[in-house]
Engineer: 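Sharing a structure below in structure tokens format, with a few things to ask.
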Amino acid sequence: MLNRESVIPARVLIGVTGASGAVYADRLLEILAEKIERVYLVVTNAGEKVVKHELSAESLLLRSLSGSLGKLEKGVIRTFGVDDLFAPCASGTSAPDAMVVTPCSMGTLSRIASGNSGNLLERSADVVLKQRRKLLICPRETPLNLIHLRNMTALVEAGAEMIPMMPGFYQKPKDINALVDFCVGKILEQLSIPHDLYKPWNSRMR
Ligand SMILES: Cc1cc2nc3c(=O)[nH]c(=O)nc-3n(C[C@H](O)[C@H](O)[C@H](O)COP(=O)(O)O)c2cc1C
């Protein structure tokens with residue numbers, strides 16, 4: 001499942017937009033905060049509204065936004081305002097090892113695809129691409145129009161990886177958490193971070 005020679009990233013930026021699916025970002029944040037050295041967080045203005053609509057105030061994501069993290073969490077998670085263009089991740093000299101935009105709206109996706117960096121999330125994605133680091137885009141929209149598809153193609157051509165938030169059902173998920181973990185596991189695999197969110201398919205035959 002994992003490329004054993006890949007290096008686990010130490011510093012990962014999570015970008016959260018106004019697409020539905022804040023729970024994906026919240027779960028990814030929980031797991032990365034346990035497994036890596038530093039997690040940066042940038043949430044768009046629309047993202048903040050959707051996060052508040054979809055998550056409870058106790059979620060790690062909302063506590064990160066409201067500045068009410070515990071001491072240990074504070075040591076790992078750094079939240080930057082979406083207009084803070086002086087943040088380290090706005091420059092190639094301080095680019096994170098990898099960036100994950102989840103959930104990614106079609107609006108942010110189009111702006112990254114066209115290099116139209118109007119906020120810290122979009123600028124950071126632009127930096128990650130130009131520095132040839134890993135950029136994982138996790139779009140959430142359906143149905144997709146031709147503009148969406150063309151923007152996705154442009155991003156993949158530029159070096160990004162497209163990981164649509166599309167849970168599979170062959171693992172017979174027991175609840176919504178299992179569906180979320182399926183999608184988050186796909187992100188972790190592309191980051192070369194081992195996880196046990198689900199069993200590999202047919203592991204007895206390995
Ligand atoms: C409740 C809610 C759910 C939304 N879900 C999606 C979605 O799944 N995908 C999408 O592309 N836009 C979705 N939108 C629209 C985006 O929030 C909107 O296009 C916004 O301008 C995106 O801004 P951003 O890319 O800066 O975050 C949703 C909006 C709301 C209020």
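Residues: numbered from 1 along the sequence shown. Just follow the structure's listing: the first ligand is 1, and inside any ligand the first atom is 1. Just so you know, these numbers use all the heavy atoms, side chains as well, and skip hydrogens, waters and symmetry mates.
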Engineer: Hydrophobic clusters here meaning ILVMFWY residues chained together by side-chain heavy-atom distances under 4.5 Å, can you tell me if Val43 and Leu121 are in one?
Structural biologist: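 Different clusters.
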Engineer: Linking I/L/V/M/F/W/Y whenever their side-chain heavy atoms sit closer than 4.5 Å, directly or via other members, would Val127 and Val82 fall into one cluster?
Structural biologist: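 No, separate clusters.
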Engineer: Centres of the Tyr170 and Phe182 rings: under 6.0 Å?
Structural biologist: yes
Engineer: Write down, by chain and number, every protein residue that brings a non-hydrogen atom to less than 4.0 Å from an atom of ligand 1.
Structural biologist: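 Contacts of ligand 1 under 4.0 Å: Thr17, Gly18, Ala19, Ser20, Thr44, Ala46, Val50, Ser105, Met106, Thr108, Arg111, Arg140, Glu141.
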Engineer: To the nearest 0.5 Å, what is the distance between SG on Cys104 and CG on Leu109?
Structural biologist: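 Between Cys104 SG and Leu109 CG, I get 4.5 Å after rounding to 0.5 Å.
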Engineer: Would you say Phe80 and Ile112 are hydrophobically clustered, going by side-chain heavy atoms of ILVMFWY under 4.5 Å?
Structural biologist: yes
Engineer: Any Lys/Arg nitrogen of Glu161 or Lys134 sitting under 4.0 Å from an Asp/Glu carboxylate oxygen of the other?
Structural biologist: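 Yes, Glu161 and Lys134 are salt-bridged.
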